[in-house]
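Keep in mind it's a predicted model, so treat the numbers as computed, not measured.
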Amino acid sequence: MLRDQLIDPLFPECPIRNVLSRIGDKWSLLVLMTLEAKTTPVRFKELQRGIPDISEKMLTATLRNLEADGLVLRTAYAEVPPRVEYSLTARSQTLMPLLNNLVNWSLDNFSAILSDRQKFAGKG
């Protein structure tokens, strides 16, 4: 199911809120990163194997949302059996260096963040 318009009713023109609401969910970043890691378009099952804890329903919804935003290209081939492949668009390829920086920052800071969380939890 496609998400309804994720436009903040108080700030409908805010591009940051609207874009981050799409790519900041639980699965979109993982789907984009998995597609980027492949050198050729990816079929649904291969993509699902790359993210083993995502359900088929959630992967379908996430791909539809990313396709609706022009971040994923879905190519259907009129074959028997039907074949559908997914790949990054030119728009998402400009986004990937930024996401890779975020991932690298997360990896570099993860231990310290966990430590700070434990210290903070101990204050309460």
Side-chain angles (χ1 to χ4, degrees):
M1 170 175 151
L2 279 174
R3 289 186 217 165
D4 292 327
Q5 291 292 323
L6 292 176
I7 296 177
D8 187 311
L10 297 175
F11 303 97
E13 301 300 319
C14 180
I16 295 168
R17 290 172 193 246
N18 288 291
V19 171
L20 289 181
S21 68
R22 289 287 204 167
I23 62 170
D25 66 13
K26 183 175 181 178
W27 301 110
S28 293
L29 178 63
L30 291 172
V31 168
L32 292 170
M33 299 298 291
T34 303
L35 286 172
E36 184 193 34
K38 305 295 182 177
T39 57
T40 58
V42 179
R43 293 182 79 166
F44 185 90
K45 287 295 183 186
E46 183 181 357
L47 191 53
Q48 192 174 27
R49 281 191 296 272
I51 311 168
D53 53 335
I54 192 170
S55 70
E56 186 172 320
K57 180 180 177 181
M58 203 65 234
L59 179 55
T60 299
T62 301
L63 286 167
R64 288 178 158 249
N65 287 332
L66 292 170
E67 182 183 8
D69 285 350
L71 297 174
V72 167
L73 176 64
R74 180 185 185 272
T75 305
Y77 297 91
E79 300 174 349
V80 178
R83 177 171 52 115
V84 177
E85 295 178 337
Y86 298 91
S87 59
L88 296 178
T89 63
R91 178 178 300 144
S92 62
Q93 290 173 0
T94 66
L95 174 63
M96 293 316 296
L98 303 170
L99 295 181
N100 283 318
N101 282 338
L102 177 61
V103 168
N104 289 334
W105 182 90
S106 299
L107 293 171
D108 290 345
N109 289 279
F110 186 62
S111 294
I113 289 171
L114 288 181
S115 176
D116 288 341
R117 285 180 186 171
Q118 289 175 342
K119 290 176 194 171
F120 186 82
K123 289 181 181 179

Taking atom OH of Tyr77 as the centre, does the number of heavy atoms from other residues, nucleotides or ligands within less than 6.0 Å exceed 12?
yes
Side-chain heavy atoms under 4.5 angstrom apart, residues restricted to Ile, Leu, Val, Met, Phe, Trp, Tyr: same cluster for Leu88 and Leu73?
no
CG/Leu114: more than 12 non-hydrogen atoms of other groups inside 6.0 Å:
yes
Is there a side-chain contact between Leu63 and Phe44 (heavy atoms, below 4.5 Å)?
yes
Kindly compute the distance separating CD (Gln93) from CG (Leu32), expressed to the nearest 0.5 Å.
11.0 Å
Check: Lys45 and Glu56 side chains under 4.5 Å, non-hydrogen atoms:
yes
Do Val42 and Thr34 have side chains that approach each other closer than 4.5 Å (heavy atoms only, starting at C-beta)?
no
Any donor-acceptor N/O pair, Thr89 side chain to Ser92 backbone, under 3.5 Å
yes
Measure the shortest side-chain to side-chain distance between Glu36 and Asn100 over non-hydrogen atoms and say whether it is less than 4.5 angstrom.
yes
Can you tell me how far CZ of Arg22 sits from OG1 of Thr62, rounded to the nearest 0.5 angstrom?
10.0 Å
Mind checking whether Leu71 and Ile23 have side chains closer than 4.5 Å, heavy atoms only?
yes
Could you point out which residue of Leu99, Leu66, Asn65 forms a side chain to side chain contact (heavy atoms under 4.5 Å, CB included) with Ser28?
Leu66
